[in-house]
Amino acid sequence: MRRKLAAGNWKMNGMLADLDQLDRISAACPAPAVDLLICLPATLIHPAAHRTAPYRLMIGAQDCHMAPAGAHTGDLAARQLADAGARAVILGHSERRADHQEDSTTVNAKAQAAMAAGLIAVICLGETLAERDAGTTLDVIGAQLDASVPDAASGASVVIAYEPVWAIGTGRIATTDQIAEVHAFLRARLIDRFGTATGGAIRLLYGGSVKPDNAAQIFAVADVDGALVGGASLTADDFCPIVAALEGSATS
Ligand code: PGA
């Protein structure tokens with residue numbers, strides 16, 4: 001049985017003064033059937049991990065370097081993020097694939113580094129609008145999945161987030177039929193590659209404009225094990241109803 005996961009991605013948002021939202025999320029979202037993760041800018045990881053130590057809420061990062069240490073000015077190694085208190089790291093987010101030309105081979109190497117450091121690798125995949133309009137969504141997603149996910153992946157060490165690029169930050173959400181099609185495809189492909197036990201244990205999140213008012217319908221889709229939430233993870237007021245919807249889907 002896969003545990004549901006509500007993951008937040010603060011992106012390049014948040015100051016020390018905003019960490020009180022994490023207290024509010026912890027207090028207002030008991031959700032015992034759901035794992036909680038907020039991926040923060042690197043500057044906030046250590047203070048946030050310290051602050052949330054009494055809570056179940058996990059703190060994560062948004063990228064790591066593929067090397068364990070070395071001459072890489074401005075980068076952070078997975079083991080440094082773990083040392084600061086991170087438990088997970090988002091890898092291959094479409095904003096990094098676009099802004100930093102990260103390809104799936106790079107994402108795979110970063111995921112291996114994350115796993116070696118004991119971090120959960122939250123590996124993101126998604127098609128652009130042009131790819132969806134061209135009818136190549138499953139080809140694109142399949143190729144990203146194959147190349148981005150390390151052979152050593154397990155249900156404990158890897159989470160996949162399907163995030164259509166055209167749905168991120170746009171308020172435009174994929175239909176439940178579109179989400180169901182891609183998640184069923186991802187599940188079948190994982191089982192083909194890793195076998196039923198591992199392929200069936202890796203969690204599949206949906207991401208892209210998940211909000212309090214659409215979360216329940218997304219979580220009702222088969223093989224959706226949670227969400228990766230951007231804008232609506234910045235405040236407890238928006239994030240907690242999403243967590244509550246996920247808790248409802250886990251316990252119904
Ligand atoms: P959004 O971002 O919820 O603001 O669309 C999701 C993401 O990029 O992970």
Side-chain angles (χ1 to χ4, degrees), residues 4-14 18 21-22 25 29 34-42 44-45 57-64 86-100 102 104 107 110-111 114 119-129 131-132 137 140-141 144-145 148 158-176 178-179 182-183 186 203-219 221 224-246:
K4 307 280 181 183
L5 172 62
N9 174 12
W10 278 21
K11 309 192 180 187
M12 199 171 70
N13 298 294
D18 299 312
Q21 292 300 328
L22 304 181
I25 288 170
C29 307
V34 170
D35 288 342
L36 298 174
L37 168 68
I38 301 283
C39 296
L40 294 171
L44 299 182
I45 290 171
L57 175 67
M58 295 184 287
I59 299 301
Q62 300 172 10
D63 179 48
C64 69
R87 307 268 303 277
V89 57
I90 296 172
L91 296 169
H93 190 281
S94 61
E95 287 153 14
R96 292 214 55 94
R97 290 181 188 259
D99 294 355
H100 299 271
E102 289 189 6
S104 294
V107 174
K110 290 183 173 198
L119 299 178
I120 299 167
V122 181
I123 299 173
C124 301
L125 320 164
E127 82 286 3
T128 62
L129 191 55
E131 289 161 345
R132 177 158 285 278
T137 296
V140 169
I141 300 285
Q144 288 179 343
L145 183 77
S148 303
V158 166
V159 171
I160 310 287
Y162 167 55
E163 300 201 300
V165 176
W166 47 272
I168 294 175
T170 58
R172 184 172 165 191
I173 183 113
T175 67
T176 50
Q178 290 169 329
I179 297 171
V182 173
H183 279 241
L186 289 171
R203 291 178 282 189
L204 298 177
L205 309 184
Y206 172 79
S209 298
V210 177
K211 306 288 179 202
D213 62 357
N214 60 26
Q217 76 191 51
I218 295 166
F219 297 147
V221 175
V224 172
D225 302 313
L228 181 56
V229 182
S233 72
L234 293 171
T235 64
D237 285 349
D238 284 335
F239 194 60
C240 288
I242 295 171
V243 174
L246 188 59

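We count residues from 1, following the sequence as given. Both ligands and their constituent atoms are indexed starting at 1 by order of listing.
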- Item | Numbered atoms of ligand 1 (with element) below 4.0 Å of N9, judged on heavy atoms | 9 (O)
- Query: Looking only at heavy atoms, what is the nearest atom pair of V107 and G92, with distance?
  - Reply: CG2-CA, 3.5 Å
- Should L129 and R172 count as side-chain neighbours, where that means a heavy-atom distance under 4.5 Å? yes
- Item | S104 vs R97, side chain to side chain contact (heavy atoms under 4.5 Å, CB included): CA-CA, chis, key distance, verdict | CA-CA 9 Å; S104 294; R97 290 181 188 259; 2.9 Å; yes
- Is the closest N or O pair between V229 and ligand 1 shorter than 3.5 Å? no
- If we only count N/O pairs under 3.5 Å, is K211 in contact with ligand 1? no
- Message: Just to verify, what does E131 make a salt bridge (charged side-chain N to carboxylate O under 4.0 Å, His left out) with, not counting sequence neighbours?
- Response: none
- Task: Please identify which atoms of ligand 1 are closer than 4.0 Å to at least one heavy atom of S209.
- Result: 1 (P), 3 (O), 5 (O)
- Message: Show me which atoms of ligand 1 lie under 4.0 Å from any heavy atom of G231.
- Response: 1 (P), 3 (O), 4 (O)
- What protein heavy atom is closest to atom 3 (O) of ligand 1, reported as residue, atom name and distance in Å? G230 N, 2.8 Å
- For ligand 1, find out whether one of its N or O atoms is nearer than 3.5 Å to an N or O atom of E163. yes
- Any N or O on H93 sitting closer than 3.5 Å to an N or O of ligand 1? yes
- Check whether any side-chain heavy atom of P41 lies under 4.5 Å from a side-chain heavy atom of M12, and answer yes or no. no
- Query: When only distance counts, is I168 in polar contact with ligand 1, meaning an N/O pair under 3.5 Å?
  - Reply: no
- Would you check whether G169 has a nitrogen or oxygen atom less than 3.5 angstrom from a nitrogen or oxygen atom of ligand 1? yes
- Query: Side-chain contact, heavy-atom cut-off 4.5 Å: V89 with C39?
  - Reply: no
- Task: Give me the ring orientation class for H183 and Y206: parallel if the planes are under 30° apart, tilted from 30 to 60°, perpendicular past 60°.
- Result: tilted
- Quick one: are L186 and L125 in side-chain contact, heavy atoms under 4.5 Å? yes
- Task: May I ask you to list the atoms of ligand 1 that are less than 4.0 angstrom from any heavy atom of G208?
- Result: 5 (O)
